[in-house]
There are 2 protein chains.
Amino acid sequence: MPEKKHIANIKDVASVAKVSTATVSRYLNGNLNRMSSKTAERVKVAIEKLEYVPNSAARQMITKSSKMIALIVANTDDYFSTEVFKGVSSILESYGYIGMMLDSDSDIVRERKLMSVVNSNTFDGLIIQPFNSIGSIEESIHRNIPIVIVDREMDQAPWVQVITNNYEVSREAASYFMKQGFTRFIVLTSKLSAATNRRERYRGIESVAKNIEVLEVSESLYNHKEIYDNLVKLLTESKERTVIFALKERWLLEFVPNLILKGYIDNVKATATGFADTTMARQIEPKMKLISQDPFLMGAGCAEIMVKRLKGEVQKENVIVVPATFH
Amino acid sequence: MPEKKHIANIKDVASVAKVSTATVSRYLNGNLNRMSSKTAERVKVAIEKLEYVPNSAARQMITKSSKMIALIVANTDDYFSTEVFKGVSSILESYGYIGMMLDSDSDIVRERKLMSVVNSNTFDGLIIQPFNSIGSIEESIHRNIPIVIVDREMDQAPWVQVITNNYEVSREAASYFMKQGFTRFIVLTSKLSAATNRRERYRGIESVAKNIEVLEVSESLYNHKEIYDNLVKLLTESKERTVIFALKERWLLEFVPNLILKGYIDNVKATATGFADTTMARQIEPKMKLISQDPFLMGAGCAEIMVKRLKGEVQKENVIVVPATFH
DNA sequence: CTGTTAGCGCCTTCAC
DNA sequence: GTGAAGGCGCTAACAG
């Protein structure tokens, strides 16, 4: 019958080491210079003996800091999100902070709930790929903790934003194909109205191309065969040289391989491109030119800014662009 | 020049509402039945006016609970991990808990560090896909919080484990191909010795097949062309009907499409199968039979067990198997 | 129905 | 170089 393990606190350590709690506290916080090495040793031994671990909740109350940063993403399943997280974590780690990922699952209510948790003093900062509007964030977070926005451009937002050059790089890619003689574009995308990023990408294409067909695919419920057949129809109904331009890697991976296999995409009459963060897309056809963002770097950038803000430094620029490349 | 926002505390609310802090506390915790609706209303108004949010650190000190559960995964980039997280989150949410994902990045030191954070009283429970050994976990976590292991089988572990039937399903798949007349297997895998899961899968194949070639690929630094050429060589050097069996989806996605494209995999002389959690692999070739785990369900299972433990209920079984399917 | 009070575990002056 | 004591914000008895 295992006794409920008593969790040692600073008092226990003090009494075992025969010193005051103040001394233990000093030891814990590295103020060893103001302490004889003998007492330090005694404290050390006591801590080990009792398997003592400082209670971070109590600590937080005094220091007003937990060394934890929350990253709220729209969908953990996206490679983009997890890479951002890896970037965030790696930088934070080097500064003694720790990053944790929360998933809003593109759900407004859920995002609100998560933000209210972040708002209840457990986190020192928030990095967020927001789904809600600015107003909603301001409502939810009324402590003045540092906030960094990632992957979303918000015009009037009072926080630093780390984003990609969606418009420019899409434009660059579209121009390239125009020059190659591909003058017709089939844009394969999730609902355009739902996200500013997608619209930016579309605008980039639109800025150089005239002949554009848009094929919107519903993220959750879509009929693979129907979309595929539609693509085939679009590809075959015109004599114009055509590019399939996927605004999201997923659609590239789902439809393009088959189109290549069946000969509809031959790089002469038709070709394909799109946004592709993983290396997988480039395996489909090594010669295919694609757009790659750098989510890891974006995350790292967010974390750097966060740490600066935590130190009290003020960030001058309000928008940081981590360029995507077309290659 | 914005004043440093004063953060309201329970005292402020009490004084504005002209009640005691105890009453506010009762209101916060939903003990409304023992309170006149007038005072409740006054408290409500005061809270809104002051934009008051309870300090969770202070709360934790008393209640010894944060309602937060940590999920430590080996690699956030894996679809498997993020799906587990989604399963965990969705169940926890319905019980008023909140899940957060931490990434050990398959690094022993990092995992230790994360566990020590979890150990410092900020989390009510830990779900972990461990990279370290049992001993290491026991060393790091000496509070008696509930721990659930996911995706790793640990013989002597004192915690509940939620796993997949790696051995059985691999065996089932291998038998199927044997019956179809495919008697030679090329196992495409990351280093076998590094993970029990992979070894289990290999054992499953081995239990029915005799002619097995193993091709180990290094996760981080591998030469795509070299591996590919090697596969082609293996496929062509024997007259025996052969299955390429990928123990990890990534390898399936990286090499099989090209092999199909180039005609090496024709489903007559050679075919392919493997573990595939995402739907992407099934797009490569709809007729291909693959093994799918159910990470979402595994996560949900972990969370259910966690919640039960948190309520004080004891879990009878020590190992929960969420079967994968071959189809 | 409502208020008073004693801590939770820790850090931080202020003394000695 | 070390200790005593107050207080961070909240909850949970215990009174009334």
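Quick caveat, the model's predicted, so the values are computed rather than measured. In what follows, every chain begins at residue 1, and chains take the letters A, B, ... in the order their sequences are listed. FYI, side chains are in, hydrogens and waters are out, and symmetry mates aren't considered; it's all heavy atoms of this structure.
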The side chain of [X] lies closest to which of these nucleotides: [options]?
X	options	answer
A22(B)	dA13(D), dC11(C), dC10(D)	dA13(D)
M35(B)	dG9(D), dC11(C), dT2(C)	dT2(C)
S20(A)	dG3(C), dG3(D), dC11(C)	dG3(D)

Would you kindly say whether [X] and [Y] are connected by a side-chain donor-acceptor distance under 3.5 Å?
X	Y	answer
N75(A)	K86(B)	yes
D124(A)	S65(A)	yes
T164(B)	Q293(B)	yes

Regarding [X], tell me which of base, sugar-phosphate or nothing describes its non-hydrogen contacts under 4.0 Å with the strands shown.
X	value
D12(B)	nothing
Y52(A)	sugar-phosphate
V19(A)	sugar-phosphate
S36(B)	sugar-phosphate
R34(A)	base

Rounded to the nearest angstrom, tell me the gap between atom [atom1] in [X] and atom [atom2] in [N].
X	N	atom1	atom2	value
I10(A)	dA5(D)	CD1	P	16 Å
L28(B)	dA12(D)	CG	P	11 Å
K18(A)	dG3(D)	NZ	P	12 Å
N9(B)	dG7(D)	CG	C1'	12 Å
N31(B)	dA13(D)	CG	C1'	13 Å
E41(B)	dC1(C)	CD	P	17 Å
I62(A)	dT13(C)	CD1	C1'	12 Å
K38(B)	dT2(C)	NZ	C1'	15 Å

Under-4.0 Å side-chain N/O to phosphate OP1/OP2 contact, [X] with [N]:
X	N	result
T39(B)	dC1(C)	no
N55(A)	dC8(C)	no
K64(A)	dC11(C)	no
T23(A)	dG3(D)	yes
R59(A)	dC11(C)	yes

Pick the nucleotide of DNA chain C nearest each of T21(B) and V24(A); which residue has the one closer to the 5' end?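 The residue mapped nearer the 5' terminus is T21(B).
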Taking donor-acceptor contacts at under 3.5 Å, does the side chain of R26(A) reach the base of dG3(D)?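 Pair found.
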Any idea which heavy atoms bring Q129(B) and A74(B) closest together, and the distance?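 Minimum heavy-atom separation between Q129(B) and A74(B): OE1-N, 2.9 Å.
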Can you tell me which residue among D105(A), T82(A), D103(A) is in a side-chain hydrogen bond (donor to acceptor under 3.5 Å, both in side chains) with T76(A)?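 Passing option: D103(A).
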On the ring face of Y97(B), is K67(B) found with NZ or CZ under 6.0 Å from the centre and within 45° of the axis?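 Satisfied, under 6.0 Å and within 45°.
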